[in-house]
Number of protein chains: 2
Amino acid sequence: MANINDVSRLAQVSKATVSRVLSGSRNVKEESRLAVMRAVEVLNYKPNVIAQSLSNQSTGCIGVVCASENINQTTGYLHALEKQLRLNQKHLLLRFASDAASVAHSLNEIGNGLCDAVIVIGARFPLPPLPHSAITIDCLQSHTERSIQFDHSFAAETASQYLINQGRRNIALINLHDGDAAEQVSQGYHQALEHHLLPYNRQRVFSGENALQRLLNQNVSFNGLLVPDDAMAQEALRLLPQFGRQVPADVMVFSLDSTLPQGASAVPAIAYPLEKLAQRAIALLTAPLSAVAGTAPVRGTLMTPF
Amino acid sequence: MANINDVSRLAQVSKATVSRVLSGSRNVKEESRLAVMRAVEVLNYKPNVIAQSLSNQSTGCIGVVCASENINQTTGYLHALEKQLRLNQKHLLLRFASDAASVAHSLNEIGNGLCDAVIVIGARFPLPPLPHSAITIDCLQSHTERSIQFDHSFAAETASQYLINQGRRNIALINLHDGDAAEQVSQGYHQALEHHLLPYNRQRVFSGENALQRLLNQNVSFNGLLVPDDAMAQEALRLLPQFGRQVPADVMVFSLDSTLPQGASAVPAIAYPLEKLAQRAIALLTAPLSAVAGTAPVRGTLMTPF
DNA sequence: CTGTTAGCGCCTTCAG
DNA sequence: CTGAAGGCGCTAACAG
């Protein structure tokens with residue numbers, strides 16, 4: 001593989017000039033510029049990105065740590081993120097993590113120069129202390145700055161409204177185990193109920209391990225069911241019929257966080273704009289400290305099947 | 001961030017000795033060794049991987065190019081691969097691609113030193129010429145060497161057998177559009193039918209755009225349905241009831257390629273051992289040119305729901 | 001406009 | 001067992 005020396009030799013100029021030409025500097029005589037480009041062509045020269053990185057102290061790599069629990073959820077993000085990163089000439093270094101320890105472990109790969117920054121996605125567990133160059137998306141911790149949060153309250157309220165409008169007045173809720181998001185969901189749910197003067201029945205709310213199972217074993221009636229994500233929605237679609245409840249006839253299931261495109265979801269859902277989310281993430285990485293203003297939680301939109 | 005010079009200074013030895021200690025060389029006096037380790041500790045020194053890469057001419061990064069069509073399919077691989085790579089101290093650089101051009105484009109990121117090798121996964125389109133350091137998994141092209149193929153024939157035959165044993169003698173087939181894999185599926189399907197002396201009805205076989213829709217609009221009876229992957233299975237589960245066919249009562253759907261764990265799939269399926277697949281991929285990358293013998297196509301195993 | 005020079009941080013001979 | 005020196009390939013500051 002040819003290097004910059006070969007090019008400079010063939011083009012009869014110095015390495016510096018070659019470097020200038022390739023970095024698009026305007027201060028180069030057209031003549032030498034052409035000579036360089038010709039040499040580059042002939043030798044099929046590609047600058048070695050590692051050497052560039054060492055010199056620049058920046059690799060163009062962004063570490064992305066996905067919570068491995070809800071993989072299907074995070075996969076949507078991944079795709080969108082990869083696209084945006086590619087558009088910004090950046091590389092995506094993927095990691096999965098299931099707890100604080102493994103996230104911390106992954107962060108070591110940026111502490112030594114491989115990544116310029118990291119993005120943590122969808123962690124439902126408390127995060128370890130993050131470096132300043134890190135941002136979070138849809139994570140438990142209210143990392144306040146440099147993080148993208150969803151408006152779960154809005155989602156829950158919108159979802160409840162929808163179900164109520166569909167004539168489902170007995171709405172059960174499977175909530176996240178805990179954390180700020182769970183709090184918000186609970187809030188939105190309550191608000192919608194109040195708004196329609198519907199009573200709140202704590203026996204219709206479950207969270208944690210086997211929440212769905214426990215709800216079904218309980219002897220409470222419900223004809224609407226809010227679940228936190230598509231994975232749970234799938235499970236509900238499988239379990240409900242086994243308990244003699246047809247979907248959506250007997251129970252209408254609603255997913256509070258879907259990454260599927262319009263029409264692909266089997267149940268109504270709140271979907272978040274993947275593309276915009278990814279762009280915003282990139283902006284957070286790129287922007288120095290300005291976009292602090294735009295830190296408003298992201299609102300999803302209502303998607304209905306068919 | 002402290003560098004090797006800081007350490008050598010603090011430890012009162014030369015950079016070379018520091019390097020030796022950190023690379024685990026045995027030829028170092030215990031005394032200097034301890035001095036170095038202490039200095040490392042004090043300064044919280046981490047070797048700069050980029051500098052190492054430049055020196056080693058190897059980054060420890062493996063590029064992984066996923067076909068973006070069947071994302072959900074490839075996500076399973078991703079997770080397994082990431083785990084194995086991590087276990088081998090390697091990094092996973094993710095890319096999505098939807099055609100030969102974008103794969104080729106992605107390959108440029110290895111031609112300049114960023115990646116030591118690439119793995120292409122699940123491409124259902126013809127691939128561009130791959131460098132010698134690349135391997136493929138479940139791709140259209142019979143890349144012959146340095147590739148991991150699935151035994152689709154075996155899968156289709158096993159699947160058909162299963163359906164027949166479940167009393168489904170009229171089996172429809174949604175096949176991949178074309179390519180070696182489609183050929184194999186077709187073969188396995190035929191073999192099973194012949195084995196049971198069942199007639200082959202070409203009106204039950206579809207492939208390409210809207211294959212499922214076309215099958216349903218056709219006026220052919222079937223009580224078993226082979227689909228190429230989980231995505232199509234999901235779609236079948238959604239569409240069939242809309243056409244008045246209950247699953248599995250009226251039609252039993254079978255997925256020929258599932259990456260879901262046992263019990264998670266709503267339909268019977270052939271599942272491939274993700275973990276082993278990933279290990280094999282790593283082996284192909286690591287091994288020089290020996291494991292050519294083990295290039296037998298991988299056989300999936302039958303998974304039934306519940 | 002251009003070449004020279006000095007790094008970036010590490011590894012690896014090669015003499016001692 | 002150890003240190004000095006050169007090299008990996010590129011960028012950037014500084015003279016001309």
Side-chain angles (χ1 to χ4, degrees), chain A residues 1-40 43-61 89 91 108-116, chain B residues 1-40 43-61 89 91 108-116:
Chain A
M1 187 102 258
N3 65 23
I4 200 173
N5 284 305
D6 301 326
V7 177
S8 78
R9 199 175 312 131
L10 181 57
Q12 313 232 52
V13 297
S14 71
K15 294 196 298 179
T17 298
V18 175
S19 184
R20 290 197 187 91
V21 172
L22 270 70
S23 63
S25 172
R26 198 77 198 79
N27 306 327
V28 182
K29 202 201 305 173
E30 189 60 14
E31 189 179 324
S32 13
R33 157 186 210 63
L34 289 175
V36 169
M37 305 207 60
R38 212 174 306 129
V40 165
L43 299 173
N44 186 247
Y45 167 71
K46 311 270 185 223
N48 182 313
V49 293
I50 296 300
Q52 287 180 316
S53 299
L54 182 57
S55 194
N56 297 335
Q57 298 290 311
S58 136
T59 63
C61 283
Q89 325 253 42
H91 299 296
N108 273 332
E109 86 188 5
I110 120 162
N112 46 31
L114 219 195
C115 292
D116 296 339
Chain B
M1 185 103 260
N3 65 23
I4 200 173
N5 284 305
D6 302 325
V7 176
S8 78
R9 199 175 312 132
L10 181 58
Q12 314 232 51
V13 296
S14 71
K15 296 196 297 179
T17 298
V18 175
S19 185
R20 289 196 187 92
V21 171
L22 269 71
S23 62
S25 172
R26 199 77 199 79
N27 307 328
V28 181
K29 203 201 304 173
E30 189 60 15
E31 188 179 323
S32 10
R33 158 185 210 63
L34 288 176
V36 169
M37 304 206 59
R38 210 173 306 129
V40 165
L43 299 172
N44 186 247
Y45 166 72
K46 310 271 186 222
N48 182 311
V49 293
I50 296 301
Q52 287 180 315
S53 299
L54 182 58
S55 197
N56 298 334
Q57 299 290 307
S58 138
T59 63
C61 283
Q89 325 253 39
H91 299 296
N108 274 333
E109 87 188 3
I110 119 161
N112 46 29
L114 220 194
C115 292
D116 296 337

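Below, all heavy atoms of this structure are taken into account, side chains as well, without hydrogens, waters or symmetry copies. Order of the sequence lines fixes the chain letters, A, B, ..., with proteins taken first and strands second; residue numbering starts at 1 for each chain.
Atoms NZ (B/K46) and P (C/dG9) sit 17 Å apart, rounded to a whole Å. For the pair A/L43 CG and D/dG9 P, the computed distance is 14 Å after rounding to whole Å. Straight-line distance from the CD1 atom of A/I4 to the C1' atom of D/dT11: 8 Å, rounded to whole Å. Put simply, CE on B/M1 is 11 Å from P on C/dG9, counting in whole angstrom units. Atom P of nucleotide D/dG9 and atom CG of A/N48 are separated by 7 Å, given to the nearest angstrom. Here D/dC8 presents its C1' atom at 9 Å from CG of A/N3, a figure rounded to the nearest Å. Rounded to whole angstrom, the span from the CG atom of B/N5 across to the P atom of C/dG7 amounts to 11 Å. If you take CD of B/Q52 and C1' of D/dG9, they are 17 Å apart, rounded to a whole angstrom.
Residues from residues 53-61 of chain A lying near DNA chain C, meaning a heavy-atom separation below 4.0 Å, are A/L54, A/S55, A/Q57 in numerical order.
For B/K29, whose side chain is taken as the heavy atoms from C-beta onward, the closest listed nucleotide among D/dT11, D/dC1, C/dC1 is D/dC1.
Judged purely by atom type and a 3.5 angstrom limit, A/T59 uses its side chain to pair as donor or acceptor with the backbone of A/L114. Of the possible donor and acceptor atoms, none in the side chain of A/N108 sits under 3.5 Å from a partner among the backbone N and O of A/G111.
Interatomic distance, A/I50 CD1 to B/Q52 CD, rounded to the nearest 0.5 Å: 11.5 Å. Rounding to the nearest 0.5 angstrom, the gap separating the CD atom in B/Q12 from the OG atom in B/S32 is 11.5 Å. Atom CG of residue A/N5 and atom NZ of residue A/K15 lie 5.0 Å apart, to the nearest 0.5 angstrom.
With sequence neighbours excluded, the residues forming a side-chain contact (heavy atoms from CB on, under 4.5 Å) with B/E109 are A/H91, B/L93, B/R95, B/C115, listed by chain and number. In this structure, the side-chain contact (heavy atoms from CB on, under 4.5 Å) partners of B/A39, at least two apart in sequence or on a different chain, are B/V7, B/L10, B/A11. Qualifying side-chain contact (heavy atoms from CB on, under 4.5 Å) partners for B/E30, counting only residues two or more places apart in sequence or in other chains: B/R33, B/L34.
Across the interface with DNA chain D, nearest-nucleotide mapping of B/S32 and A/I50 shows B/S32 to be the residue nearer the 5′ end.
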Which atoms of nucleotides 3-6 of chain C (N or O only) lie under 3.5 Å from a protein N or O atom, and what are those distances?
| residue | atom | partner | partner atom | Å |
| --- | --- | --- | --- | --- |
| C/dG3 | OP2 | A/S14 | N | 3.0 |
| C/dG3 | OP2 | A/S14 | OG | 3.1 |
| C/dG3 | OP2 | A/T17 | OG1 | 2.8 |
| C/dG3 | O6 | A/R20 | NH2 | 2.4 |

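Listed pair A/S19 / D/dC10 fails the phosphate criterion, with no side-chain N or O lying under 4.0 Å from OP1 or OP2.
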Donor-acceptor pairs under 3.5 angstrom involving side-chain atoms of residues 21-28 of chain B: please list them, not counting sequence neighbours.
| residue | atom | partner | partner atom | Å |
| --- | --- | --- | --- | --- |
| B/S23 | OG | B/S19 | O | 3.0 |
| B/S23 | OG | B/R20 | O | 3.1 |
| B/S25 | OG | B/N27 | N | 3.4 |

